[in-house]
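Since the structure comes first, as structure tokens, the remarks are kept for the end.
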Number of protein chains: 2
Amino acid sequence: MKLTSKGRYAVMALADLARFDNINPVSLRDISLRQGISLDYLEQIFSKLRKKDIVQSVRGTQGGYVLNKKAKEIKLTNIFDAVDEKVKTVQCKKDSKKGCNGKSTKCLTHNLWDELENHINNFFEEKSLEDLVKDNVERRI
Amino acid sequence: MKLTSKGRYAVMALADLARFDNINPVSLRDISLRQGISLDYLEQIFSKLRKKDIVQSVRGTQGGYVLNKKAKEIKLTNIFDAVDEKVKTVQCKKDSKKGCNGKSTKCLTHNLWDELENHINNFFEEKSLEDLVKDNVERRI
DNA sequence: AGATACTTGACTAATTTAGTCAGGTTTATA
DNA sequence: TATAAACCTGACTAAATTAGTCAAGTATCT
Ligand code: FES
Ligand code: FES
């Protein structure tokens, strides 16, 4: 199982944003250059982040994006949810009563994968953007 | 991020194997039928499991596969390792000093993904085949 | 007016996954 | 000893997903 670029970039870009105050917007171009992410790709990502109210956009010259909440309140869960980076461990439809093999009972491993999914999601629910920024400040000392 | 079929099937098939004693070999054909996994695909998977000494093969008529260790000693880590289902969260080469953006320092999120990887691997190191079998027996009651 | 930067949707190349297929070899047992 | 069950291997392929690119806008500051 691996993390996709979309999720990785979303968090990376927001971490970049979060390093600045929430007043002066940061342009995607700057983020693109600093983080080495394609500008066009960033635009796709930020479009989604905006729709989920994680960032606010400022159009025109000197425009860019600003965090819409405090860094502490933005959890990885929220970010991943916004860009459709989802954790999927089971094969079957979760709410269906059928198993992944088409049978009427859940397969031998269903419970295990469900536990795994929760385990991973817990991590995402605990980590906030603030944690990320702090970690980077500390490492710089 | 999602789990691939190869990893899922490997664990599913071994869980099936583990329900029986370690004396009479279980044929892939039986597993294929019970678990709804393509026989040809199972063969690929078991070839890898055998190379890593997780199972033993018995050729010929009435042949099949047998667990090579006690279910308690087979952790998910071992299984995933055998079938090359690996957890990959960072983009960069781990041992390299370069970051994923080609720069000379690790990116803002590198540490975070590293933590995530450990978090997931911890789960795999704790869970054994025995846990799986027990869980299924309990549910049946 | 012009430059900067957001906005959107469609398109595509590359990669990965999830198998299939064909041709073996080994061994129990009738 | 013939035969069938079952392991064994490598090559091939279709489908899905990912990771972008590209083109054509719109808004706003200076
Ligand atoms: S994963 Fe849900 S039934 Fe198999
Ligand atoms: S993931 Fe390692 S440097 Fe970005």
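Protein chains get the first letters and strands the later ones, always in sequence-line order, with residue 1 at the start of each.
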Residue pair B/Arg8 / B/Leu3: nearest heavy atoms and the distance that separates them: NH2-O, 3.5 Å
Rounded to the Å, how far apart are A/Lys2 NZ and D/dT18 P? 9 Å
Any N/O pairs under 3.5 Å between the protein and nucleotides 6-10 of chain C? List them or say none.
residue, atom, partner, partner atom, Å
C/dC6, OP1, A/Leu28, N, 3.2
C/dC6, O2, A/Arg59, NH2, 3.3
C/dT7, OP1, A/Ser57, OG, 2.8
C/dT7, OP2, A/Arg50, NE, 3.4
C/dT7, OP2, A/Tyr65, OH, 2.6
C/dT8, OP2, A/Arg50, NH2, 3.2

Atom-pair distance (CD on A/Gln62; P on D/dT30), nearest Å: 7 Å
I need the CZ-C1' distance between B/Arg8 and C/dT17, as an integer number of Å. 12 Å
Could you pull out all residues at least two apart from B/Asp84 that satisfy side-chain hydrogen bond (donor to acceptor under 3.5 Å, both in side chains)? B/Lys48
Could you give the angle between the helix axes at the two ends of the helix from C/dA1-D/dT30 to C/dA30-D/dT1, with five pairs per end, rounded to 10 degrees? 10°
How many angstroms lie between NZ in B/Lys103 and CD in A/Gln35, if you round to the nearest 0.5 Å? 6.0 Å
Could you measure the distance from the CG atom of A/Asp135 to the CG atom of B/Leu108? Nearest 0.5 Å is fine. 9.5 Å
Identify whether the distance between the nearest side-chain nitrogen and carboxylate oxygen of B/Lys70 and B/Glu130 falls below 4.0 Å. no
Can you check the A/Leu33 CG to C/dA5 P distance for me, whole Å? 11 Å
Taking a hydrophobic cluster as the set of Ile, Leu, Val, Met, Phe, Trp and Tyr residues connected by side-chain heavy atoms closer than 4.5 Å, whether directly or through intermediates, do B/Phe124 and A/Phe124 fall within one such cluster? yes
In whole Å, what is the span from the NZ atom of A/Lys6 to the P atom of C/dT15? 19 Å
The correct set of residues in residues 82-96 of chain A placing a heavy atom under 4.0 Å from DNA chain C is none
Heavy atoms under 4.0 Å, any strand shown: does B/Lys48 hit a base, just sugar-phosphate, or nothing? nothing
Respond yes when some side-chain nitrogen or oxygen of B/Thr61 is under 4.0 Å from OP1 or OP2 of C/dT26, and no when none is. no
B/Lys69/B/Asp53 ion pair, N-O < 4.0 Å: no
Close residues, residues 103-113 of chain B, relative to DNA chain D [heavy-atom separation under 4.0 Å]: none
In one Ile/Leu/Val/Met/Phe/Trp/Tyr side-chain cluster, 4.5 Å: B/Leu76, B/Leu116: yes
To the nearest Å, give me how far apart OH (A/Tyr41) and P (C/dA13) are. 17 Å
Does CD belonging to A/Gln62 count more than 12 external heavy atoms closer than 6.0 Å? no
Interatomic distance where CG belongs to A/Asp30 and P belongs to C/dA5 [whole Å]: 7 Å
Closer than 4.0 Å, any side-chain N/O of B/Ser5 to the OP1 or OP2 of C/dA18? yes
Would you indicate, yes or no, if C/dA18 has its OP1 or OP2 atom less than 4.0 angstrom from a side-chain nitrogen or oxygen of B/Tyr9? no
If I compare all heavy atoms of B/Cys100 with all of B/Cys107, which pair ends up nearest, and what's the gap? SG-SG, 3.6 Å
What's in the same ILVMFWY side-chain cluster as A/Val66, cut-off under 4.5 Å, chained through other members? A/Val58
Taking 4.0 angstrom as the limit, do B/Lys94 and B/Glu117 come out as a salt bridge? yes
Working to the nearest 0.5 angstrom, can you tell me the gap between A/Asn118 CG and A/Trp113 CH2? 14.0 Å
Closest contact, heavy atoms only, B/Lys106 versus B/Ser96: NZ-O, 2.8 Å
In whole angstroms, the gap separating P of D/dA6 from CD1 of B/Ile45 amounts to 19 Å
